[in-house]
Amino acid sequence: MHDLSFFRGHLDVAAERLRTRGVELDLASFRQLDSERRSAITESETLKAERNSLSQEVGKRKKAGEDTEALQAQVRQMADRMTALDERVKVLDAQFQEILVAIPNLPHESVPVGRSADENVEVRREGTAAAMDFKPKPHWDLGADLGILDFDRAAKITGARFAVYMGLGAKLERALINFMLDTHTSEHGYTEVLPPFMANSASLFGTGQLPKFAEDLFKIEKTDYYLIPTAEVPVTNLYRDETLDADALPAKFCAYTPCFRSEAGSYGRDVRGIIRQHQFQKVELVKFARPDQSYDELEKLTHDAENILRKLGLPFRTMALCTGDMGFSSAKTYDIEVWLPGLGEFKEISSCSNFEAFQARRASIRCKSGKKSEFAHTLNGSGLAVGRTWVAVVENYQQADGSIVVPEALRVYLNAERISATGRLI
RNA sequence: GGAGAGGUGGCCGAGUGGUUGAAGGCGCACGCUUGGAAAGCGUGUUUACGGGAAACUGUAACGAGGGUUCGAAUCCCUCUCUCUCCGCCA
């Protein structure tokens with residue numbers, strides 16, 4: 001959400017930068033609404049100031065034993081006008097809120113201008129794909145052949161877009177989670193958090209999923225709780241309505257959680273395999289930073305996420321998203337894309353963003369050094385999407401005989417060097 | 001689920017209708033004092049929105065939302081969270 005007074009002061013600049021995201025602001029009605037709101041507030045507050053002083057007068061005279069009926073009647077007469085004005089301000093505020101809340105964040109000046117994913121800019125590429133003298137299989141075939149993935153039974157238990165991991169498949173998922181958490185906590189300095197997997201509407205508003213993207217969420221019936229779509233929600237909201245000590249920043253957290261997404265509007269996309277599921281596992285990185293350090297921290301956070309792929313020996317490229325492809329709340333985003341030989345393409349495995357004060361303003365997260373209090377900057381990125389990393393390991397390390405060689409870094413976690421079809425399940 | 005007790009400023013803690021945005025204390029900041037420090041003394045110390053170039057000033061906020069009243073932190077209603085006891089439970 002944007003700051004009203006900043007927005008008002010820099011309306012033309014803001015509109016210009018939003019245009020690069022394909023968002024057109026109606027400046028005339030913005031200004032009209034703003035001035036109407038301000039004059040209503042001024043009138044209402046003037047009346048209230050008068051009421052307050054008259055009421056005090058009533059108190060004084062009553063103490064002195066004088067009759068105050070006339071004064072009281074006078075204030076009573078003001079009530080209607082005041083109520084009407086307050087109603088009006090309320091309506092205008094709600095309209096403003098509706099407008100402000102629906103405006104995406106302003107892109108940082110370093111973000112390449114573009115309309116779609118085609119205009120994203122590759123900033124680096126690392127690793128080389130393993131040479132394969134056979135036709136690499138997609139992970140759903142590998143998963144079925146090895147007996148480590150079962151979609152049919154998942155559909156029976158729940159429905160489409162769910163998966164059951166079996167045997168070493170399940171253990172590989174767990175190994176990846178532990179490997180990621182261990183790496184981020186012991187090598188990158190993040191503090192591990194295990195948050196609730198449900199969050200209330202205030203939290204979802206704070207990080208920007210609500211009100212605009214309600215249809216992407218699963219809501220628990222008869223409650224105000226939602227299944228979290230990412231750990232970003234509970235972890236960022238750790239400090240909602242709090243003021244942090246600026247000297248203690250950046251604060252860095254990592255959290256493993258399952259993530260739940262309705263995937264409304266994605267029908268027909270990535271229908272096969274586990275690329276796009278209603279439930280997936282993710283290790284998330286979240287940072288709270290001072291405004292002056294947040295862009296450095298974005299570079300570091302992206303590097304930390306990439307490090308998981310480096311350690312696993314998986315080839316990837318990192319893309320700076322262009323203005324037209326960025327998420328609603330983000331000021332700058334890097335996507336990390338891993339090479340998937342079975343699918344024959346690079347696939348997003350992490351999205352690292354600096355939200356600047358956009359979320360902090362919604363969630364009221366401040367930082368303070370000395371007397372100065374300002375909104376903190378929040379950042380987050382996947383570190384990494386576990387399911388997609390599972391896919392990348394399986395597809396990149398597949399052998400001609402259909403088995404999977406376990407990457408060096410994971411062997412201690414999996415307690416195995418190879419996943420073969422020997423233990424075929426019933 | 002049942003019964004009870006509570007939610008006041010960075011923290012502790014007064015305050016049951018009238019200059020109370022809120023006593024007092026702690027903490028913090030600045031100043032005085034000191035050779036230096038401690039103690040002591042003094043001043044200051046929330047946020048949002050409006051007006052103002054600024055100094056400053058108005059309105060609102062005592063868990064949240066409604067209500068009563070000339071006037072509400074104080075009275076009434078609803079919700080929410082915390083704590084204690086009982087029940088249930090991994």
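The basis for the numbers below is simple: all heavy atoms, side chains too, and nothing from hydrogens, waters or symmetry mates. Chain A is the first sequence line, chain B the second, and so forth, proteins listed ahead of strands; every chain is numbered from 1.
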> For the pair made of CZ in A:Arg76 and P in B:U68, what is the distance, rounded to whole Å?
Replying inline: 13 Å
> If you check the A:Gln56 side chain, which of B:A60, B:U19, B:G50 turns out closest?
Replying inline: B:U19
>> Could you spell out the base pairing of RNA chain B as a dot-bracket line? Use Watson-Crick and G-U wobble contacts where both distances are under 3.5 Å, [ ] for crossing pairs, | for partners on a different strand.
In response: ((((((((.[[[..)..(.....]]]((((((.......))))))((((((....)))))).[[[[[..)....]]]]])))))))....
> Distance from A:Leu172 atom CG to A:Ile177 atom CD1, nearest 0.5 Å?
Replying inline: 10.0 Å
> Roughly how far apart, to the nearest Å, are B:U20 and B:A72 at atom P?
Replying inline: 15 Å
>> Between B:U8 and B:G63, how far apart are the two C1' atoms, rounded to whole Å?
In response: 10 Å
>> Under 3.5 Å, is there a donor on one side chain and an acceptor on the other for A:Ser330 and A:Asn105?
In response: no
> Thinking salt bridges, do A:Glu69 and A:Arg61 make one under a 4.0 Å N-O criterion?
Replying inline: no
> Strictly under 6.0 Å, is that where the ring centroids of A:Phe328 and A:Phe358 end up?
Replying inline: yes
>> What's the closest nucleotide to the side chain of A:Lys48 if the choices are B:G50, B:A60, B:C81?
In response: B:A60
> Over how many whole Å does the gap from A:Met82 atom CE to B:U59 atom P extend?
Replying inline: 12 Å
> Quantified in whole Å, what is the C1' atom distance between nucleotide B:G7 and nucleotide B:C62?
Replying inline: 10 Å
> Out of B:U59, B:C70, B:A48, which has the shortest distance to the side chain of A:Val75?
Replying inline: B:C70
>> So for atom CD, which belongs to A:Glu215, do other residues, nucleotides or ligands contribute more than 12 heavy atoms lying within a distance under 6.0 Å?
In response: yes
> B:A64 and B:U80: how far apart are their C1' atoms, nearest whole angstrom?
Replying inline: 7 Å
>> Regarding A:Arg37, tell me which of base, sugar-phosphate or nothing describes its non-hydrogen contacts under 4.0 Å with the strands shown.
In response: sugar-phosphate
> Between A:Arg361 and B:U47, is there a side-chain N or O to OP1/OP2 distance below 4.0 Å?
Replying inline: no
> Is the shortest side-chain N/O distance from A:Asn52 to OP1 or OP2 of B:C70 below 4.0 Å?
Replying inline: no
>> Would you say A:Arg8 places a side-chain N or O within less than 4.0 Å of OP1 or OP2 belonging to B:C49?
In response: no
>> I'd like to know if A:Lys48 pairs up with A:Asp86 as an ion pair, taking the criterion as any Lys NZ or Arg NE/NH1/NH2 lying under 4.0 Å from an Asp or Glu carboxylate oxygen.
In response: yes
> Is A:Ile41 touching bases, backbone alone, or none of the nucleic acid, heavy atoms closer than 4.0 Å?
Replying inline: sugar-phosphate
>> Between A:Lys90 and B:G66, is there a contact of a side-chain N or O with OP1 or OP2 at under 4.0 Å?
In response: yes
> Contact class for A:Lys60 vs. all strands (heavy atom < 4.0 Å): base, sugar-phosphate, or nothing?
Replying inline: nothing
>> Can you see if the side chain of A:Arg38 gets near the phosphate of B:G51 - specifically, an N or O under 4.0 Å from OP1 or OP2?
In response: yes
> Which value, in whole Å, describes the distance between the P atoms of nucleotides B:U57 and B:A38?
Replying inline: 34 Å
>> When the C1' atoms of B:G52 and B:G40 are compared, how many Å lie between them, rounded to an integer?
In response: 41 Å
> Salt bridge check: are A:Glu263 and A:Arg161 linked by an N-O gap of less than 4.0 Å?
Replying inline: no
